[in-house]
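Just so it is clear, the values below take in all heavy atoms, side chains as well, and ignore hydrogens, waters and symmetry mates. From a predicted model like this one, the values you see are computed outputs, not experimental measurements. Throughout, a chain's letter reflects where its sequence line sits, starting with A, and its residues are numbered from 1.
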Amino acid sequence: MFIWFHKLVSPPYFYKFAGRLSPWLAWLSLLVILAGLYAGLWLAPPDYQQGDGFRIMYVHVPSAWMSLFVYTVMAMAAAIGLIWRMKLAHAVSAAAAPLGASFTFLALVTGSLWGKPMWGTYWVWDARLTSELILLFLYLGYMVLNRAFDDRRTGDRASAILALVGIVNIPIIHYSVKWWNTLHQGPTVFFGPRADIPPSMYIPLFIMVAGFMLYFAAFILKRLQVEILQRERNTAWVRELVEKS
Amino acid sequence: MTSWHEFFTMGGYAAYVWPAYGITAVVLIANAILPGRQQRSLLKELSRRGMRADKPS
């Protein structure tokens, strides 16, 4: 088993593995997301208070969930990279950051578009919204710091430390709705009393979350190929690969 | 949903629902296209540098 892992973790093997798996995951995620959109936009009944406006939930909640999930992946990879000095782990963090930043941006924008009709404002300095905005700055900080040094190893290490420091923000975001009495909805579907929301509404949500997870898997692998190439550009296997392509 | 009309108007919330879905689509599509493009341009750059190195200086 260890040999298999050792081989998989070697950059040239992982590069090929990522390249082969990514397209399958991409198409599968497209199918699942389309199914989720059909279920969420057409099949799900309108909310008795918010009418059809609640359907923003089917892009807002998956994006917000992914913004937290991707940061956790990024921080774990950063820790592995620092502790065991694995270049591939840092490459995973660097590949995850732009996707995490995109999901966080989407969570903020879709949330704000949902807040205007329901709360009467695009933005309020609410505990949940503010901590999510800080998460966006953490992602952007990681991305800038990672590329700020000529030597990629220094960039990887510095940004990994930032990612680990920023991990404290994740529970804050999660519990923000409990600790401070916030305008934002409390945990309902994943961690709260699911009785408040009928299956005809939360099943499309699970489909969309599954679709977003598949999408993330597909395109972190694709970005990982770029990150590996950048870090391994002077190696023999990359030269061989370049000549072949 | 009962009708296409209700679908497009989103029960009066079209001005919020559709931009939310539109921006999500743009960001997801961009994140799907960019990595592949970066990979191709990086491989091209590496191959150009490879050819220069092979030439006897």
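- The distance between the ring centers of A:Tyr215 and A:Phe219 falls below 6.0 angstrom.
- The salt bridge (Lys or Arg N to Asp or Glu O under 4.0 Å) check on A:Arg147 picks up nothing, with sequence neighbours excluded.
- Looking only at atom types and distance, the side chain of A:Thr121 has no donor-acceptor partner in the side chain of A:Trp119 under 3.5 Å away.
- The number of heavy-atom neighbours closer than 6.0 Å to CH2 of A:Trp123, taken from other residues, nucleotides and ligands shown, is above 12.
- Between A:Phe14 and A:Phe17, the ring centre distance stays below 6.0 Å.
- For chain A, the option among B:Asn31, B:Val17, B:Leu34, B:Leu43 with the highest count of heavy-atom pairs below 4.5 Å is B:Asn31.
- Interface residue B:Leu42: only side-chain heavy atoms are found under 4.5 Å from chain A.
- Between chain B and the residues A:Ser22, A:Gly53, A:Pro46, the largest count of heavy-atom pairs under 4.5 Å involves A:Gly53.
- Of the two parts of A:Phe216, neither the backbone nor the side chain holds a non-hydrogen atom closer than 4.5 Å to a non-hydrogen atom of chain B.
- Looking at A:Gln50, the atoms closer than 4.5 Å to chain B (heavy atoms on both sides) all sit in the backbone: N, CA, C or O.
- When side chains are defined from C-beta on, B:Lys44 does not count as touching B:Arg40, because their heavy atoms never get closer than 4.5 Å.
- For B:Ser3, the part sitting under 4.5 Å from any heavy atom of chain A is the backbone (N, CA, C, O) and nothing else.
- Note that CG of A:Leu229 and CG of A:Leu224 are 10.0 Å apart. Values are rounded to the nearest 0.5 Å.
- With a 4.5 angstrom heavy-atom cutoff, A:Leu41 touches chain B via backbone and side-chain atoms both.
- Residue A:Met66 does not touch chain B at all, counting heavy-atom pairs closer than 4.5 Å.
- When the ring pair (Phe, Tyr, Trp, His ring centres under 6.0 Å) test is applied to B:Tyr16, no partner is found at least two apart in sequence or on another chain.
- Looking at A:Arg153 and A:Asp151, a side-chain N of the basic residue comes within less than 4.0 Å of a carboxylate O on the acidic one, giving a salt bridge.
- Between A:Glu227 and A:Arg231 there is a salt bridge, since a side-chain N of the basic residue sits under 4.0 Å from a carboxylate O of the acidic one.
- With sequence neighbours excluded, no residue forms a side chain to side chain donor-acceptor pair (under 3.5 Å) with B:Tyr21.
- Residue contact with chain B, scored on non-hydrogen atoms closer than 4.5 Å, is absent for A:Asp47.
- With a threshold of 4.5 angstrom between heavy atoms, A:Arg239 does not approach chain B through any atom at all.
- Interface residues of residues 95-116 of chain A toward chain B, defined by a heavy-atom distance below 4.5 Å and sorted by number: A:Pro98, A:Leu99, A:Ser102, A:Phe103, A:Phe105, A:Leu106, A:Val109, A:Thr110, A:Leu113, A:Lys116.
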